[in-house]
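Report on the structure given below.
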There are 2 protein chains.
Amino acid sequence: MLDAAARVFARSGFHDASMDAVADEAGVSKPMVYTHGGGSKEELFARCIRREAERLLTSVSGGIGSPDPETRLYRGLRAFFTTVTTHREGWMVLYRQARAGTFAGEVFSARSRIVTRVAELLADSSVDPAAAMPVASTLVGAAEGLADWYFDGGTGTPDDLAAQLMSVVWPGLAALRAGHAWSPTDVGTERVTDS
Amino acid sequence: MLDAAARVFARSGFHDASMDAVADEAGVSKPMVYTHGGGSKEELFARCIRREAERLLTSVSGGIGSPDPETRLYRGLRAFFTTVTTHREGWMVLYRQARAGTFAGEVFSARSRIVTRVAELLADSSVDPAAAMPVASTLVGAAEGLADWYFDGGTGTPDDLAAQLMSVVWPGLAALRAGHAWSPTDVGTERVTDS
DNA sequence: CACTCTATCTACTGATGCGTAAAGTAGCGA
DNA sequence: TCGCTACTTTACGCATCAGTAGATAGAGTG
């Protein structure tokens, strides 16, 4: 039931998906969708969101155990890309359909938990957890961007994708851990004109 | 008119926003919204999307002129964060509300143009433009992630945000340009178990 | 004042789709 | 055969808007 709903919602979004379509996809009648789906369209969608968010958080959190931040991050990214590519429709529901409208709050809190988890992956004695939050949010966004590229015809195994992301971010993260932040030394500082 | 529509759409999303609400926000009556807004809700929303996408692309593209990729990227990022923080509701419409549903295609093509533009910012004689696409998609995602953090209570000027993003990504990009990709040498390669 | 044109409003129609009620059917144990 | 459960089909009530038709107001002109 939730699988069918996730497929329909992933395809059409919350508003454009009808409960009749969910019923068809699940191979049952509409009253059954209400009996076993929570009693309303909102609740059904919320259940899909919660399940996918939980799946993603569990995946990223699990099997991380390592004292080395580099290893932790790589494993977390690998888990992320594995789950996302395996449960494509879950990803579509969570990050493309659910972020707008009534459920933005629910998705936002789910995303916050993942960002916090990533901040933990980065942190150790040499990194302040609070300072890690913007970096973690950046990383999660980067992973989403690479996932977008993948779903738009990009190729590669989850391991490849994780390694590619590590190529982009790890040198910078290592430098930050060593206290070396980037600054626009001789890059020019003219104001940006904004339309 | 478009400003009012963008505010309402940013707040509620396409479906949950009513034309009455747009009319109220603009201080006119509903038929006026149809007369001056394109004749349909879809067209009004599409105009908002196109305007914001154009604004962002113009901003990122303009004032880049430099032979140095590092400078180009920093300036592009600075322009991005300037525009996004200045036109908050435009950002909300474009990247949070419009990606789902009927307008996913329109937003997707707008985003593609920006990603392509970023790939050009990265490219020079030593970088293959095609290979730059996943990296550009990653970067755009990272910028979105940092913007998300900012809009959720993060602080900093656009220059700070751009510099922070450079800290994370530039060392990795420089290494990639020199031919040094990250690989999981001694990081462990156990399979990820997926629920 | 009369006439007209344009801009605007109030109030309605029509369609869509959520959610449910009613009536029928198949399986199953006693 | 009875009753119970689970499900189906069909049909409908009801609310919410998108979009429009007809009324109204103001302003310029003679």
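The sequence lines fix the lettering, A, B, ..., with proteins before strands; numbering per chain opens at 1.
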Discussion item. Going by the rule ring pair (Phe, Tyr, Trp, His ring centres under 6.0 Å), which residues pair with B:Phe81 if we only count those two or more places apart in sequence or in a different chain?
Written reply: none

Fill in: Counterpart residues, ring pair (Phe, Tyr, Trp, His ring centres under 6.0 Å), relative to A:Tyr95 (two or more places apart)
A:Trp91

Worksheet item: With the sugar-phosphate defined as primed atoms, P, OP1 and OP2, and the base as all remaining atoms, what B/S/- string results for nucleotides 8-17 of chain D, 5' to 3', for protein heavy atoms under 4.0 Å?
Response: BB-------S

Worksheet item: Which pairs count as side-chain hydrogen bond (donor to acceptor under 3.5 Å, both in side chains) when at least one residue sits in residues 136-145 of chain B, sequence neighbours excluded?
Response: B:Arg111-B:Glu144

Response to the item:
Residue pairs meeting side-chain hydrogen bond (donor to acceptor under 3.5 Å, both in side chains), one or both in residues 44-53 of chain B, sequence neighbours left out, come to B:Asp3-B:Arg51, B:Glu43-B:Arg47, B:Glu43-B:Arg50, B:Arg50-B:Glu106, B:Glu52-B:Arg55

Less than 3.5 Å apart, which donor and acceptor atoms pair up between the side chains of residues 160-169 of chain B and the rest of the protein, not counting sequence neighbours?
{"from": "B:Asp160", "atom 1": "OD1", "to": "B:Thr157", "atom 2": "OG1", "distance (Å)": "3.4"}
{"from": "B:Asp160", "atom 1": "OD2", "to": "B:Thr157", "atom 2": "N", "distance (Å)": "3.1"}
{"from": "B:Asp160", "atom 1": "OD2", "to": "B:Thr157", "atom 2": "OG1", "distance (Å)": "3.2"}
{"from": "B:Ser167", "atom 1": "OG", "to": "A:Trp182", "atom 2": "N", "distance (Å)": "2.7"}
{"from": "B:Ser167", "atom 1": "OG", "to": "B:Ala163", "atom 2": "O", "distance (Å)": "3.2"}

Worksheet, complete the sentence: Contacts of A:Lys30 meeting salt bridge (Lys or Arg N to Asp or Glu O under 4.0 Å) (sequence neighbours excluded), chain-then-number -> A:Asp20

Worksheet item: Going 5' to 3' on DNA chain C, which nucleotide is the first and which the last to come under 4.0 Å of a heavy atom in chain B?
Response: C:dT8 to C:dT10

Worksheet item: Do any side-chain nitrogens or oxygens of A:His36 fall under 4.0 Å of OP1 or OP2 in D:dA6?
Response: no

Item to complete: Classify the nucleic acid contact of A:Thr35 as base, sugar-phosphate or nothing, counting any heavy atom under 4.0 Å across all strands shown.
Response: nothing

Worksheet item: Short question: side chain of B:Arg99, backbone of A:Arg96 - any donor-acceptor pair under 3.5 Å?
Response: no

Worksheet entry | With B:Arg7 via side chain to side chain donor-acceptor pair (under 3.5 Å) - residues at least two apart | B:Glu25

